[in-house]
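Step one of this worksheet: look at the structure below.
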Number of protein chains: 2
Amino acid sequence: MTTRSHCQALDAQDPLAPLRHQFALPEGVIYLDGNSLGARPVAALERAQAVIAQEWGNGLIRSWNSAGWADLSQRLGNRLAPLIGARDGEVVITDTTSINLFKVLSAALSVQRQRQPKRKVIVSEASNFPTDLYIAEGLTELLQQGYSLRLVNSPDELPQAIDGDVAVVMLTHVNYKTGYMYDMQALTALSHECGALSLWDLAHSAGAVPIDLHKASADYAIGCTYKYLNGGPGSQAFVWVNPALVDVVRQPLSGWFGHSRQFAMEPAYAPSAGIARYLCGTQPITSLAMVECGLEIFAQTDMASLRTKSLALTDLFIALVEARCAAHGLVLITPREHAKRGSHVSFEHPEGYAVIQALIARGVIGDYREPRIMRFGFTPLYTSFTEVFDAVEILGEILDNRTWDQPQFKVRNSVT
Amino acid sequence: MTTRSHCQALDAQDPLAPLRHQFALPEGVIYLDGNSLGARPVAALERAQAVIAQEWGNGLIRSWNSAGWADLSQRLGNRLAPLIGARDGEVVITDTTSINLFKVLSAALSVQRQRQPKRKVIVSEASNFPTDLYIAEGLTELLQQGYSLRLVNSPDELPQAIDGDVAVVMLTHVNYKTGYMYDMQALTALSHECGALSLWDLAHSAGAVPIDLHKASADYAIGCTYKYLNGGPGSQAFVWVNPALVDVVRQPLSGWFGHSRQFAMEPAYAPSAGIARYLCGTQPITSLAMVECGLEIFAQTDMASLRTKSLALTDLFIALVEARCAAHGLVLITPREHAKRGSHVSFEHPEGYAVIQALIARGVIGDYREPRIMRFGFTPLYTSFTEVFDAVEILGEILDNRTWDQPQFKVRNSVT
């Protein structure tokens, strides 16, 4: 079994280790939940102070021009684009993942209404992140006219499910529960061969694994900035549309920020060319501005280096848990195969909820997902190998001593 | 004509004057654009620092529970409710005005689909704020099946336009250009008599004029917190639904925050009871948290006192401009009648854009709206009578001297 001193040696050699100092992490905490809410970049506080005190307080309405608020969604989109294999002018950061999904899913159905109007099925998987399914359900109920959602129970069922009725295949690249990662290029090709459009939710992969939307020939993508991208609590989401499709239809959440002449104040909508038509209303600027601080840290490295460390961290965690906690019946539900693994690792345990609460009480923050799933996120920008070792040691102690078997660890609260 | 010393006397007697100290306003500026972006409450900076440094930085994911992020939209909604005649548990603050309009407009059409399925027309006015019309247009295009938008050119045309085909009457209570205020109760009654539902956009009236949604028997309302409510740049919008309608249908932007068992992570959507079903995705928390700072200032006064001062400020401004600037052909387009006036005043001038730019250069911040409209907002929480006097004096000098007739004041930029 790997020793703590070996982990310390890995940290000493880690070229990414210096980036940790750009994050403000609390003392006494091992944070393995960056897949749920990323840690705070040190720079975010100062950036927000400038937005609030100078730009809002002193600049007031003038800051829409002078501080660049008016095109902040586009400028930040350009900074994010290289992380997902998108190009300049193809991404905006705005609204929430759910809202952006509604935009692109509606657009995809509108494209198919023009091209192959009999295709009215959205294919996804039952274990997709629930909000994606709820949005698809909300859209099909609104549209009526035979639109429906078809869910598969495992990735293996997809080839059969994607038939001649399918308009869109809507998948999350890395599963939020298991950490299973799809082969984006292969699934997109399969969708296209069957005449369907391909829509990817990158919530658990942007900033976590290399993504090349153009190479995969994807049609639509959305994702989150508050997880691996460290944008801040609930920070705005992103949306990308393949340039071949972006101007084909309008999207229905067509607010004034998507108008080609926003301040002409015309009563009829005329969509902007390009991805700007996926903007809608005025964005909460303070939160949006902080997204840049996370992206600035990514600009100092590259996704290949991050992926190498991510896999080393998740490999180490799996090996250590399976060695140290072998007696306690944990079941790994994350793929061992690198090509199928994102940057988080999940184990099932019958008392998973209580174990996670006991871990948090010891300063090791992971999270729990129904049913029985203990989930641990590894964020190569700030997670060290020694932290992984220490976290597993604490997990082992909690399981050995049945520390979790106390009433206070079994009280369900809402989020973690 | 009212003198400056008379205005100083009015300020000395103004019971609201002390509230100005709770705002951080820049030196040398007379801010008459709080109807576009409210000024910064002093407390907002400290609140944001606490959210970023303590809640995000130290609390990390735990803050969803420990810092109350999970139900912040509801708690802030309860604080806002009294300002619009709503009750506890009826309002949430979330997303943008445009997005919230899509939710309630879709819901209204769904209600009518159940009750009176032949009604497929949305009535509004051509001079409504454009994003409202764009959203309605986006929705009708998405739905097809004969849904359409019918626009009137003046409030007088409404009685004729609201016929047996109309599903919803969608109006903005105070017009963004002219400051014209509808009689909410009368128009709602007219809509109901004709079998239509009544939807109000309160963007330019929440925090500006007294509103009683229950007394008016309104069906749906949305509005903005970054104008008169001083929530911060682009801060989240609010949504209210009459309790008699809120549980009748789901709304289509049905994200996981609207689910009745959010963390059960079920694949099928089950809407929360009440206004929580109008929540959708994860909100930008830092921006949302600052909304409370503006609402805390409103809690120290009441809308009747604010309305009294607002009318005194707008009366004074109109009288002073018409006296001091009589030679320059300004045309008042805001109603003189109190019952028909919001809290901003607009004058037309052929060179309105350049005049506003020249005013801003002198530290008097109003804004410009197409065509030819110079718009001035009066916010009784922080605008003084002496500022009104000084602003008009500077306007008079700019017009007398044709200061506006310089090239730098004619360059069009995007917002002000």
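A note on names: the letters A, B, ... follow the listed sequences, proteins ahead of strands, and every chain is numbered from 1.
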Side chain from CB out, backbone as N, CA, C, O: work out which of these in [X] comes under 4.5 Å of a heavy atom of chain B, or both, or neither.
X: A:E27; value: neither
X: A:A136; value: neither
X: A:Y176; value: side chain
X: A:V29; value: side chain
X: A:E266; value: both

Using heavy-atom distances under 4.5 Å, tell me whether [X] contacts chain A through its side chain, its backbone, both, or neither.
X: B:Q145; result: side chain
X: B:N58; result: both
X: B:F129; result: side chain
X: B:Y31; result: side chain
X: B:A39; result: both

Take atom CD of A:E370 as the centre, draw a 6.0 Å sphere, and report whether it contains more than 12 heavy atoms from other residues, nucleotides or ligands. yes

Give, for atom [atom1] of [X] and atom [atom2] of [Y], the distance between the pair rounded to the nearest 0.5 Å.
X: B:E141; Y: A:S106; atom1: CD; atom2: OG; answer: 12.0 Å
X: B:R40; Y: A:Q54; atom1: CZ; atom2: CD; answer: 9.0 Å
X: A:I52; Y: B:I52; atom1: CD1; atom2: CD1; answer: 5.5 Å
X: A:W69; Y: B:L37; atom1: CH2; atom2: CG; answer: 5.5 Å

Please report the shortest heavy-atom distance between [X] and [Y], naming the atom on each side.
X: B:I61; Y: A:S36; result: CD1-OG, 3.2 Å
X: A:M290; Y: B:W56; result: SD-CZ3, 4.1 Å
X: A:P267; Y: B:L133; result: O-CB, 3.7 Å

Would you mind telling me which of B:L142, B:L139, B:L143 makes a side chain to side chain contact (heavy atoms under 4.5 Å, CB included) with A:P252? B:L142

For the residue pair B:F102 and A:F102, categorise the inter-ring angle as parallel (less than 30°), tilted (30 to 60°) or perpendicular (more than 60°). perpendicular

Using a 3.5 Å distance criterion without hydrogens, assess whether the side chain of B:T282 forms a donor-acceptor pair with backbone atoms of A:G234. no

Going by heavy atoms in the side chains, are B:F263 and A:R369 under 4.5 Å from each other? yes

Using side-chain heavy atoms (C-beta onward) and a distance below 4.5 Å, is B:C280 in contact with A:I99? yes

Heavy-atom pairs under 4.5 Å with chain A: which of B:G59, B:G258, B:G38, B:S127 has the most? B:G38

From the list A:G281, A:S254, A:S98, the residue making the most non-hydrogen contacts under 4.5 Å with chain B is A:S254

